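Read through the structure below, which is laid out as structure tokens, and then see the notes.
Small disclaimer: the values here were computed from a predicted structure and weren't measured. All residue numbers in this chain count up from 1 along the given sequence.
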Amino acid sequence: RRWVRGFEGYDMATVRLIRGDTWRRSWIIKDEKGQPIDLTGASARLQVRDKRDEVLAYARMDNGMITIDPLQGRIDMVVPASITKDFPIAVHRFDLELTFADGTVRTIEQSTLQVIEDVTRD
């Protein structure tokens, strides 16, 4: 779970994922005082792109991969194994973009995703 306070900077840590695993990630958006920001009417989306800038995954609310609990300031993402099984073994990049009800757009996290070879597979 990621705690984002006051939108100061971006998290550039590398995230590791074993190919074919379900990828879950959560963020709780908080203000400078540590209180959850009301995300009523907000939407979120996340793309994973390879080094050629091709989209490997597109998580968003309308495809069910992203949900928002507005009063808790919480964003949850689940990318199913049926999608991650096709990720190339490599380092990719992703970011989470949040659009508030007033139209303000903020990138909440921008990081790299290191996809590791799975051993147990068909």
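Following chains of ILVMFWY side-chain contacts shorter than 4.5 Å, one cannot reach Ile116 starting from Phe87, and the two form parts of different hydrophobic clusters. Linking Ile, Leu, Val, Met, Phe, Trp and Tyr whenever their side-chain heavy atoms come within less than 4.5 Å puts Met61 and Trp27 in one cluster. One hydrophobic cluster holds both Phe100 and Leu96 under the rule that ILVMFWY side chains link at heavy-atom gaps under 4.5 Å. Val78 and Leu39 fall into different hydrophobic clusters, defined by Ile, Leu, Val, Met, Phe, Trp and Tyr side-chain heavy atoms under 4.5 Å apart, directly or through other members.
Of the candidates Arg25, His92, Gln114, Val15 forms a side-chain contact (heavy atoms from CB on, under 4.5 Å) with just one, namely Arg25.
Less than 6.0 angstrom separates the ring centroid of Trp23 from the ring centroid of Phe94.
The minimum heavy-atom distance between Ile66 and Arg45, with the atom names listed, is CD1-CA, 3.7 Å. Ala81 approaches Gly20 most closely through the heavy-atom pair CB-O, 3.0 Å.
With rounding to the nearest 0.5 Å, the separation of OG1 in Thr112 from CZ in Arg16 is 11.0 Å. Once rounded to the nearest 0.5 Å, the distance linking CD1 of Ile18 with OG1 of Thr120 reads 9.0 Å. Considering CG of Asp38 and CD1 of Ile29, their distance stands at 12.5 Å, rounded to 0.5 Å. In this structure, Thr67 OG1 and Asp76 CG are separated by 4.5 Å, a value rounded to the nearest 0.5 Å. Between Ile68 atom CD1 and Ser43 atom OG the span is 6.5 Å, to the nearest 0.5 Å. Glu109 CD to Leu46 CG: the interatomic distance, rounded to the nearest 0.5 Å, is 8.0 Å.
The shortest side-chain heavy-atom distance between Leu71 and Pro36 does not fall under the 4.5 Å cut-off. Between Ile28 and Gln72, every side-chain heavy-atom pair lies at or beyond the 4.5 Å cut-off. Side-chain contact between Ile75 and Leu98 is present, with at least one heavy-atom pair separated by less than 4.5 Å. In this structure, the side chains of Arg74 and Ser26 come closer than 4.5 Å at one or more pairs of heavy atoms. The side-chain heavy atoms of Val79 and Thr22, taken from C-beta on, include no pair separated by under 4.5 Å.
Thr84 and Arg19 form no side-chain donor-acceptor contact under 3.5 Å, judged by distance and modelled atom types alone.
Asp53 and Arg93 are joined by a salt bridge, as a carboxylate oxygen and a charged side-chain nitrogen come within less than 4.0 angstrom of each other. Salt-bridge annotation for Arg52 and Asp50: present, with a side-chain N of the basic residue lying under 4.0 Å from a carboxylate O of the acidic one.
Side-chain atoms of Asn63 come within 3.5 Å of backbone atoms of Tyr58 as a donor-acceptor pair (strictly under, hydrogens ignored).
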Could you give me the CA-CA distance, side-chain angles and deciding distance for Lys85 and Asp118, then say whether side chain to side chain contact (heavy atoms under 4.5 Å, CB included) is met?
CA-CA 9 Å; Lys85 73 178 181 57; Asp118 51 329; over 6 Å; no

